[in-house]
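See below for the structure under consideration.
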Amino acid sequence: MPELPEVETTRRGIAPHIEGRSLVRVLVRQPQLRWPVPEADLQQLPPARLVSVQRRAKYLLLEFGKGTVLLHLGMSGSLRIVEQQEAVGRHDHLDLLFDNDLTLRLTDPRRFGAVLWLGASPREHPLLAKLGPEPFSDEFTGSYLYDRSRSRKLPVKQFIMDQQIVTGAGNIYASEALFHSGIRPTRPAGRISLLRYQRLADAIKETLSQAITQGGTTLRDFVGGDGKPGYFQQQLHVYGRTGLPCNRCGRPLQETRLGNRSSVYCSHCQR
DNA sequence: ATAATCACCTGCTCGC
DNA sequence: TGCGAGCAGGTGATTA
């Protein structure tokens, strides 16, 4: 489910309900996620005040005075604020109960998500240390992409989905940004001009920020932390539209596979 | 260092 | 209606 816009939508949905509140209880129902949930560390946390809910790349960071809890939603994860009496579902793996009688609940059918305990200096954790720049930072520009891509031969779509190059784009938004910048996803990253990388960087920023504004893309059952669906799916030009007419030229959209991910594009508009 | 492949897990859709 | 195949928003680990 979640690329950067969905994670950011989730952050904005849950933060107002729990920031500044005190964590009173931790309930781990399923410790087998991507890595074992560090239950002992989590149980030592209460009572602890949640200082803030931050996002870095597709990770959410719950910053308590004593340390930081890292959450990742994997492919199918979601976080919601629920009332105490809310019925528990089959894939509700973690509850964090706060002193205002609200619970932050992690649901993740495929269990590719993660819950980790980061002690002090969380940003030095291996999962965070090597991440590339945030797409909305000043550091992320066309010339940055151009410089990092010299001598790289892999397809540009895989290049921009690499979180060490730039964080936040996944299969949906990488596909959309490449459409908007007129670049074919299969093109080797090192064989794209500076001008076209400037267009691509702009398209990545624009696509992600538009999606955040719309509350993310709802496929299947994604809802943000406030329970509302995302509306960005109405703006998708290529993702999930194989064989349908290109919104720009009307020719049928093509599909190929890159890194075992479906990649949809217009062979006329994207070169 | 780079690129390609595998692995993790459940649920849903499709074709037969 | 049942059943296996294939696919799904991610990414670390392993292999050349």
Side-chain angles (χ1 to χ4, degrees), chain A residues 1-11 29-37 55-60 70-79 89-94 106-116 125-132 147-178 185-191 204 207-208 211-212 214-225 229-233 235-236 238-243 255-264:
Chain A
M1 161 249 301
E3 300 182 36
L4 185 149
E6 290 74 35
V7 177
E8 179 62 22
T9 295
T10 298
R11 191 192 68 77
R29 297 194 190 80
Q30 168 57 276
Q32 299 302 313
L33 302 184
R34 173 139 203 203
W35 296 286
V37 174
R55 180 189 59 74
R56 172 71 173 110
K58 300 172 190 171
Y59 296 99
L60 285 172
L70 173 148
L71 301 173
H72 193 284
L73 300 177
M75 289 276 263
S76 58
S78 60
L79 284 167
R90 175 156 140 71
H91 303 296
D92 294 340
H93 307 316
L94 173 74
L106 173 69
T107 306
D108 184 4
R110 293 177 74 179
R111 290 191 271 127
F112 290 171
V115 178
L116 294 178
H125 188 276
L127 289 178
L128 302 181
K130 296 195 309 188
L131 290 170
D147 291 344
R148 295 282 318 250
S149 63
R150 294 309 91 182
S151 82
R152 298 295 300 270
K153 292 177 180 168
L154 86 169
V156 62
K157 174 159 173 277
Q158 289 171 267
F159 177 69
I160 60 171
M161 286 175 67
D162 181 347
Q163 304 298 296
Q164 296 188 25
I165 299 300
V166 58
T167 64
N171 203 31
I172 297 176
Y173 300 110
S175 302
E176 295 299 308
L178 286 164
T186 51
R187 177 167 290 273
R191 298 198 42 245
I204 290 170
T207 304
L208 294 176
I212 292 169
Q214 304 275 321
T217 299
T218 292
L219 303 174
R220 301 172 186 84
D221 55 6
F222 169 77
V223 291
Y231 292 96
F232 191 77
Q233 75 273 22
Q235 337 269 331
L236 296 178
V238 288
Y239 179 86
R241 298 194 65 240
T242 304
E255 177 173 337
T256 185
R257 286 192 86 75
L258 295 173
N260 210 27
R261 310 300 294 278
S262 78
S263 305
V264 189

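Below, chain A is the first sequence line, B the second, and so on; all start at residue 1.
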Classify the side chain of Arg110(A) and the base of dC9(B) as holding, or not holding, a donor-acceptor pair under 3.5 Å.
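It does, because a donor-acceptor pair links the side chain of Arg110(A) to the base of dC9(B) below 3.5 Å.
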Whether the side chain of Arg34(A) and the base of dT11(C) hold a donor-acceptor pair under 3.5 Å is what I'd like checked.
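Yes, the side chain and the base share a sub-3.5 Å donor-acceptor pair.
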Once you round it to whole Å, what is the distance between [atom2] of [N] and [atom1] of [X]?
X: Arg55(A); N: dG10(C); atom1: CZ; atom2: P; value: 14 Å
X: Gln158(A); N: dT11(C); atom1: CD; atom2: P; value: 14 Å
X: Leu71(A); N: dG10(C); atom1: CG; atom2: P; value: 17 Å
X: Tyr173(A); N: dG9(C); atom1: OH; atom2: C1'; value: 9 Å
X: Leu128(A); N: dG12(C); atom1: CG; atom2: P; value: 10 Å
X: Asn260(A); N: dA13(C); atom1: CG; atom2: P; value: 19 Å
X: Gln233(A); N: dA8(C); atom1: CD; atom2: C1'; value: 16 Å
X: His72(A); N: dT11(C); atom1: NE2; atom2: P; value: 4 Å

Check whether any side-chain heavy atom of [X] lies under 4.5 Å from a side-chain heavy atom of [Y], and answer yes or no.
X: Ser262(A); Y: Asn171(A); result: yes
X: Leu258(A); Y: Pro185(A); result: yes
X: Ser175(A); Y: Val264(A); result: no

Look at the side-chain N and O atoms of [X] and state whether any lies under 4.0 Å from the OP1 or OP2 oxygen of [N].
X: Lys58(A); N: dG10(C); value: yes
X: Ser262(A); N: dA8(C); value: yes
X: Arg90(A); N: dG11(B); value: yes
X: Arg261(A); N: dG9(C); value: yes
X: Tyr239(A); N: dG9(C); value: yes
X: Arg257(A); N: dA8(C); value: yes

Where do Met161(A) and Gln163(A) come nearest, in terms of heavy atoms and distance?
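Between these two residues, the closest heavy atoms are O-NE2, 3.0 Å.
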Roughly how many Å apart are dC9(B) and dA13(C), using the P atom of each and rounding to a whole number?
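After rounding to an integer number of Å, I get 16 Å for this pair.
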Within the structure shown, what part of the strands sits under 4.0 Å from Phe159(A) by heavy-atom distance: base, sugar-phosphate, or nothing?
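No contact.
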Within the structure shown, what part of the strands sits under 4.0 Å from Gln32(A) by heavy-atom distance: base, sugar-phosphate, or nothing?
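No contact.
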Which nucleotide in dT10(B), dG12(C), dG9(C) has an atom nearest any side-chain atom of Asn171(A):
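Closest nucleotide to the Asn171(A) side chain: dG9(C).
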Counting only side-chain heavy atoms from C-beta out, which of dT2(B), dG11(B), dG9(C) sits nearest to Pro109(A)?
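Within the option list, the nearest is dG11(B).
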Applying the Watson-Crick and G-U wobble criteria at under 3.5 Å, what pairs with dC14(B)? Answer none if nothing qualifies.
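Partner of dC14(B): dG4(C).
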For dC9(B), give its Watson-Crick or G-U wobble partner with both distances under 3.5 Å, or none.
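Checking every strand shown, dC9(B) finds no partner, since no pair has both distances under 3.5 Å.
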Parallel, tilted or perpendicular: which fits the ring planes of Tyr173(A) and Phe232(A), with parallel below 30° and perpendicular above 60°?
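Ring orientation of Tyr173(A) relative to Phe232(A): tilted.
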Stacking between dC8(B) and Phe112(A), yes or no? Criterion: centroid separation under 5.5 angstrom, plane angle under 30 degrees.
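Yes.
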CG on Leu127(A) to CG on Leu116(A), rounded to 0.5 Å:
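Atom-to-atom, Leu116(A):CG and Leu127(A):CG are 6.5 Å apart.
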